[in-house]
Student: 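Below are the structure tokens for one structure; questions will follow.
In the text below, chain A, chain B and the rest are named by the order of the sequence lines, each starting its count at 1.
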There are 4 protein chains.
Amino acid sequence: MRTKDETKETKILDATAAIILKDGAAGVSTVKVAKRVGISQSNVYLYFKNKDALLLSVYHREMARIQATGDLQAAADESLAIEVRLKAYISAIYHYAMAHPDSLTLIQQIKFLFGQYDSNPFLHGETTQNLITDLYAQAQQKGVLKNAPISVLMSMVFSVIHTHSMNVQRQIYAADQYSFEEIFAVIWQGIHA
Amino acid sequence: MRTKDETKETKILDATAAIILKDGAAGVSTVKVAKRVGISQSNVYLYFKNKDALLLSVYHREMARIQATGDLQAAADESLAIEVRLKAYISAIYHYAMAHPDSLTLIQQIKFLFGQYDSNPFLHGETTQNLITDLYAQAQQKGVLKNAPISVLMSMVFSVIHTHSMNVQRQIYAADQYSFEEIFAVIWQGIHA
Amino acid sequence: MRTKDETKETKILDATAAIILKDGAAGVSTVKVAKRVGISQSNVYLYFKNKDALLLSVYHREMARIQATGDLQAAADESLAIEVRLKAYISAIYHYAMAHPDSLTLIQQIKFLFGQYDSNPFLHGETTQNLITDLYAQAQQKGVLKNAPISVLMSMVFSVIHTHSMNVQRQIYAADQYSFEEIFAVIWQGIHA
Amino acid sequence: MRTKDETKETKILDATAAIILKDGAAGVSTVKVAKRVGISQSNVYLYFKNKDALLLSVYHREMARIQATGDLQAAADESLAIEVRLKAYISAIYHYAMAHPDSLTLIQQIKFLFGQYDSNPFLHGETTQNLITDLYAQAQQKGVLKNAPISVLMSMVFSVIHTHSMNVQRQIYAADQYSFEEIFAVIWQGIHA
DNA sequence: TATGAATGAGTGTTCATTCAT
DNA sequence: AATGAATGAACACTCATTCAT
């Protein structure tokens, strides 16, 4: 494998992510990225077909990172009760977001730049995404979730967790001012049938 | 009479809004706006100091439109019980969003372009906004709302309503597939103590 | 006569002069001028054919002001000895410059903007100018001035006086740190045969 | 012909200088420069950070050229008498100006564009400039120069030489109509104590 | 006399992308 | 794999000037 290349590719993705967090997704330019990495502008095109591919790569990397969360595996464990799996999923996203609040911001920013065609930021992870959607669908079928559009429930979960994690990151209030249970209550009672 | 001027100003705002909905807020350019209105590019600067002022104007116009909703007045009626007012507020936003789904999209897009510093898209309406925040705050004090950050509750409300209204607009499902009560249940049980 | 108009015209000229001193002659624009006067941009064209005419007007006004100096009349008095007249002229310019250092700056800035075709900033006053040039020419013929190009001598006089007056205005040194005689000595011994 | 050897940067500087001489420093635009060189406008920004940097580069190049004059070295030779050094300096500038009259014009134009804050166009060469100012200062201390502001004396020298060289270039009179000694006399008797 | 509206040409600057080396 | 050079298109914004009112 191309160790060197992957390092460089990672650096480019990191730089891009940093710029998104600083200037917004619309503020990303290959010039800025290259300058930040310390490479020539054209070098970026060796690793990414074009700017869109670069942004999409950042997006997919964040999605993959969320999925890689160990906690998330429990949600996929079909031997568990659906309610348990759902709670595990929400808990996993919550704790991931608290540890990496920028992650959700990146996802949201890129989604918004590419048009608001799909309002649910958790979508699009292909394989994993279907699992999650399936989880919601099954839970709804079994009467665990309210009879509301799944995309509405999903974006609600995302919205609550993201807003809370950003508040903490921006020190609008201390992390321990609100317990997980308190935040979770909002989500659960909102989606629970 | 400045009728003529106001028409032009309105046309420019309309064109800008249309572009935002089509290409996102980052996709707005004075050239596009001017072309759409059928005027010269420099003419835009006769009505708006600069591009930011133009976008902000679109933003404030949408905010004002929401506030102008008759239903919203009930939410401000201090003679009513706090719970009634809160429900009136949510209902008002809901019905406004269903009638004008683009409105929330515009607000969200512009907010995101100007930096994600304030994650609550309903904020910043000055007078009205304080009323709404006050409403939430009072409701929380009186134990009507859960003990969760107000900004989290507010953005949750926005998120649910916006996602649902977009789904309907994009014909992901029919408007009558989910009743107001069903959507409202998600919101209310989410925020209600 | 049109009293009101002349007031306005004066205001426009004043505003233009102020802008030149602040941003340089190249920094003048009808927008800036109009804004400063508090009139509409197109109004400027009621008083001046175009921007060049405006700048030229400022130029000529300053030239006229210098000529209007009472002291300068002595220089024109043909009954006096040529050396006396020449000294009177230099003294007049010197004292005018000390009282109105911006005047020479305006003249210089406008001259430079319109191309450096004529390096002598004192030229171009038509009637008066010929008098001054004649004065130099006569003085040279009578052996009072060195055998050097008159334009060189003239621009030397301007340069010394202008530099000194600017230094004082910018408080690089106090006005009384150098007497008129000291500055005059530089000029006189430079041009005197 | 250095055409082939000339780097792009040099070509751009040359084009800029030519435009300054033709239209004045305020008349320089990146479009004009690019067109003259035969490159695309954006290419200019590959070699110069912005327009100011471009103009400053032209300025510094001319300053460096003057300093590179062999004759100027004598002025820096501290083993020589101060009066000798001063005369060497004036002579060097004079002969340089006669050979390259545009050089002083460029310097003057750019100085004027950047604001008239420093009225002495010979200033700002950093290292060399201090040497020259020191030379004047020492000469004044030793009673060689009149008791007048050094900046006044310096701009006087510049003015005389520049005006004369321009006159010759514009064929207002022939180069041999006035000898170096005649021009020098104006300068020297003007500044000499 | 005065203005507001309008515009086309212009400004400096940034950008995504390509290509030869 | 990496770069420097190059470019055309786009950008926000300013300007001098005209014209109808």
Side-chain angles (χ1 to χ4, degrees), chain A residues 2-9 26-35 37-55, chain B residues 1-2 4-5 7-9 26-35 37-55, chain C residues 2-5 7-9 26-35 37-55, chain D residues 7-9 26-34 37-55:
Chain A
R2 307 167 303 163
T3 323
K4 237 186 180 179
D5 305 341
E6 296 198 14
T7 309
K8 179 89 64 83
E9 196 175 313
V28 173
S29 86
T30 56
V31 190
K32 284 186 195 170
V33 171
K35 202 167 284 173
V37 179
I39 58 175
S40 85
Q41 196 188 165
S42 56
N43 200 344
V44 174
Y45 285 83
L46 241 50
Y47 295 89
F48 301 94
K49 195 179 144 285
N50 52 31
K51 208 183 104 177
D52 279 12
L54 170 60
L55 287 168
Chain B
M1 284 287 161
R2 297 175 303 158
K4 258 189 176 173
D5 310 339
T7 308
K8 180 84 68 76
E9 195 174 315
V28 173
S29 87
T30 55
V31 189
K32 282 187 195 172
V33 171
K35 207 166 278 175
V37 179
I39 56 175
S40 83
Q41 189 197 184
S42 57
N43 201 343
V44 174
Y45 286 85
L46 236 55
Y47 295 88
F48 300 94
K49 200 179 141 286
N50 51 32
K51 208 182 104 175
D52 278 13
L54 171 59
L55 288 169
Chain C
R2 307 167 303 163
T3 324
K4 238 185 180 179
D5 306 339
T7 310
K8 180 90 64 82
E9 197 175 313
V28 173
S29 87
T30 56
V31 190
K32 285 186 194 170
V33 171
K35 202 167 284 172
V37 179
I39 56 174
S40 83
Q41 197 187 167
S42 56
N43 201 342
V44 174
Y45 285 83
L46 240 50
Y47 295 88
F48 301 94
K49 196 179 144 285
N50 52 31
K51 208 182 103 176
D52 279 12
L54 170 59
L55 288 168
Chain D
T7 65
K8 181 84 68 77
E9 193 174 317
V28 173
S29 88
T30 55
V31 190
K32 282 186 195 171
V33 171
V37 179
I39 58 175
S40 82
Q41 189 194 182
S42 58
N43 201 342
V44 173
Y45 287 84
L46 237 54
Y47 295 90
F48 300 93
K49 200 179 141 287
N50 50 33
K51 209 184 103 175
D52 277 14
L54 171 59
L55 288 169

Student: Do D:Leu46 and D:Lys8 have side-chain heavy atoms sitting under 4.5 Å apart?
Tutor: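 Not in contact.
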Student: Nearest 0.5 Å, please: how far is OG1 in D:Thr30 from OH in D:Tyr45?
Tutor: 4.5 Å
Student: Let me know the distance between CG of A:Asn43 and C1' of F:dA1, rounded to the nearest Å.
Tutor: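 Interatomic distance, CG of A:Asn43 to C1' of F:dA1: 7 Å.
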Student: Within this structure, what is the NZ-to-C1' distance between B:Lys35 and F:dA9, rounded to whole angstrom?
Tutor: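 Taking NZ of B:Lys35 and C1' of F:dA9, I get 11 Å after rounding.
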Student: Determine, for nucleotides 14-21 of chain F in 5'-to-3' order, which nucleotides have protein heavy atoms under 4.0 Å from the base (write B), from only the sugar-phosphate (write S), or from neither (write -).
Tutor: BBBBBB--
Student: Of the non-hydrogen atoms in A:Lys32 and A:Gly27, which two are nearest, and what is the gap between them?
Tutor: NZ-O, 2.7 Å
Student: Assuming nearest nucleotide by heavy-atom distance, tell me which of B:Leu46 and C:Gly38 is located more 5' along DNA chain E.
Tutor: C:Gly38
Student: How long is the gap from OH on C:Tyr47 to CD on C:Glu9, to the nearest 0.5 Å?
Tutor: 8.0 Å
Student: For residues A:Ala26 and B:Ala26, report the shortest heavy-atom separation together with the two atoms involved.
Tutor: CB-CB, 3.4 Å
Student: So, is D:Lys8 close to the F:dA6 phosphate, meaning a side-chain N or O under 4.0 Å from OP1 or OP2?
Tutor: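 Checking F:dA6 against D:Lys8, a side-chain N or O does come within under 4.0 Å of OP1 or OP2.
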Student: Starting from the 5' end of DNA chain F, give me the residue, A:Val44 or D:Ser40, whose nearest nucleotide shows up first.
Tutor: A:Val44
Student: Does F:dA2 have a Watson-Crick or wobble mate here (both distances under 3.5 Å), and if so which one?
Tutor: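 Base partner found: E:dT21.
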Student: Output the distance between atom CD (C:Gln41) and atom OG (C:Ser29), rounded to the nearest 0.5 Å.
Tutor: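 Here the interatomic distance stands at 7.0 Å.
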Student: Grab the OH-P distance between B:Tyr47 and F:dC13 for me, whole Å please.
Tutor: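 Going from B:Tyr47 (OH) to F:dC13 (P), I get 18 Å.
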Student: Using Watson-Crick or G-U wobble geometry with both distances under 3.5 Å, which nucleotide pairs with E:dA9?
Tutor: F:dT14
